[in-house]
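See below for the structure under consideration.
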2 protein chains.
Amino acid sequence: MMNGTNPMDVFLSKCRQRNLKITPQRTAVFSALADAEDHPSADAVYQKVKKEFPNISFDTVNRTLIVFSEIGLAEVVEGQGDPRRFDPRMENHHHFYCVTCGKITDFFSEELDKIEIPTQIEQDFTVISKRMVLKGYCTDCRK
Amino acid sequence: MMNGTNPMDVFLSKCRQRNLKITPQRTAVFSALADAEDHPSADAVYQKVKKEFPNISFDTVNRTLIVFSEIGLAEVVEGQGDPRRFDPRMENHHHFYCVTCGKITDFFSEELDKIEIPTQIEQDFTVISKRMVLKGYCTDCRK
DNA sequence: TTGACAAATAGGAATCATTCTTATATAGGA
DNA sequence: TCCTATATAAGAATGATTCCTATTTGTCAA
């Protein structure tokens, strides 16, 4: 028996826990995502998986990725995608993002503003802004 | 003369600096955004402005907001919008986002992980994850 | 191993949000 | 006031996702 700590075993056990069928398509989407280093979009995963499954549909890939994010196999990360959200506050501040209603709440914290960016990052990249992004449930949604 | 520190004066001076005409539509979009507390989408701003300018087009509102983000009157903030970006790494980590090519690079920092969330936030919200999001230019794009 | 059935898939239509195109209108300087 | 570069409105086009539905397929139990 395998010990369940390698990614594929995690995938299998999460699917079984939730009564999700282990289909070749799901397995292929999982592998493609697990190998990705670049926070791919659904379309990027689709392009990869299509090499192995020429007949797979975009919808299947997209649905599968959303399922993965619901069962803890992946996370939807913040991006600058559509619909864009505009913020008129140009002072440094931080965000709380409610995963239920999508509302973004500003907050200010001198302590957070003071945080140093790791030296390695400062060397490799030119940083123009830093922001702490918290995710969770807002007052209205946590009831 | 006004001293240029109220939002409308900042708007007027930024437009003049860039030779952008001060049209009633631009002014209305600026006011609507400046008053917003909720990091609105272009459509949300459009719905607000339309009450005052029933004939304004969505395109004008959207274009204007993008111009504002280019001249430093607003910022496009991170959201969970389309296209979604998926991340298979479920361990706590942080992101560097390149504003030129859109690439998201992971980085790890025990120092950042140790940061305390302000007490007020912990009281008002249920926080399930925290992440530092840096924006700037990546190695390839900063040349 | 074989059915039965709930779940998953493929493919196309529909939707949502944005961007492009173009003809018309207008702000702001001469 | 006139001129001209900009900006606007309206609709078409695009890009990305989600919905719909007929068909297929894992999985469980006999």
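Keep in mind it's a predicted model, so treat the numbers as computed, not measured. Note on naming: letters A, B, ... go to the chains in the order of the sequence lines (proteins, then strands), and numbering restarts at 1 for each one.
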Rounded to whole Å, CZ of A/F11 lies from P of D/dG26 at a distance of 12 Å

Q.
Over all strands shown, is B/P54 touching base, sugar-phosphate only, or nothing at heavy-atom distances under 4.0 angstrom?
A. nothing

Taken to the nearest 0.5 Å, the spacing of B/L134 CG from B/C98 SG works out to 12.0 Å

Worksheet item: Is B/T60 near enough to D/dA7 that one of its side-chain N or O atoms lies under 4.0 angstrom from OP1 or OP2?
Response: no

Only residue of A/K130, A/H94, A/R131 satisfying side-chain hydrogen bond (donor to acceptor under 3.5 Å, both in side chains) with A/D113 is A/H94

In whole angstroms, the gap separating P of C/dA25 from CD1 of B/I22 amounts to 23 Å

From NZ of B/K50 across to C1' of D/dA10 the rounded distance in Å is 13 Å

Ignoring backbone atoms, establish whether A/N19 has a side-chain N or O less than 4.0 Å from OP1 or OP2 of D/dT27. no

Between OH of B/Y46 and C1' of D/dT8 the distance, given in whole Å, is 13 Å

Check your understanding: Is B/S57 near enough to D/dA9 that one of its side-chain N or O atoms lies under 4.0 angstrom from OP1 or OP2?
Key -> yes

Worksheet item: Under 4.0 Å between a Lys/Arg side-chain N and an Asp/Glu carboxylate O for A/K103 and B/D38?
Response: no

Result for 5'-nearest mapping on DNA chain C, choosing between A/L20 and A/N55, is A/L20

Whole-Å distance, A/R26 CZ to D/dT27 P, equals 10 Å

From CD1 of A/I56 across to C1' of D/dT24 the rounded distance in Å is 14 Å

Checking C/dT9, C/dC20, D/dT8 against the side chain of B/D59 (C-beta onward), the nearest is C/dC20

**OP:** Indicate whether OP1 or OP2 belonging to D/dT8 is found under 4.0 Å from a side-chain N or O atom of B/T23.
**Re:** yes

Worksheet item: Base, sugar-phosphate alone, or nothing: which one does A/I66 contact when heavy atoms must sit under 4.0 Å apart?
Response: sugar-phosphate

Looking only at D/dT25, C/dT18, D/dT17, the nucleotide nearest the A/K21 side chain is D/dT25

| said: Whether the A/N62 and A/D59 side chains hold a donor-acceptor pair (N or O, under 3.5 Å, no angle test) is what I'd like checked. | reply: no

In whole angstroms, the gap separating C1' of D/dA7 from CZ of B/R18 amounts to 17 Å

Atom CZ of A/F86 and atom P of C/dA17 are separated, to the nearest Å, by 14 Å

Polar side-chain contact B/D43-C/dC16 base: donor and acceptor under 3.5 Å = no

Checklist line | Sugar-phosphate only, base, or nothing, as touched by A/R63 at under 4.0 Å among non-hydrogen atoms | finding: base

Can you tell whether the side chains of B/R85 and A/E75 come within less than 4.0 Å, N to carboxylate O?
no

It should be established whether B/Q25 places a side-chain nitrogen or oxygen under 4.0 Å from OP1 or OP2 of nucleotide D/dA9. yes

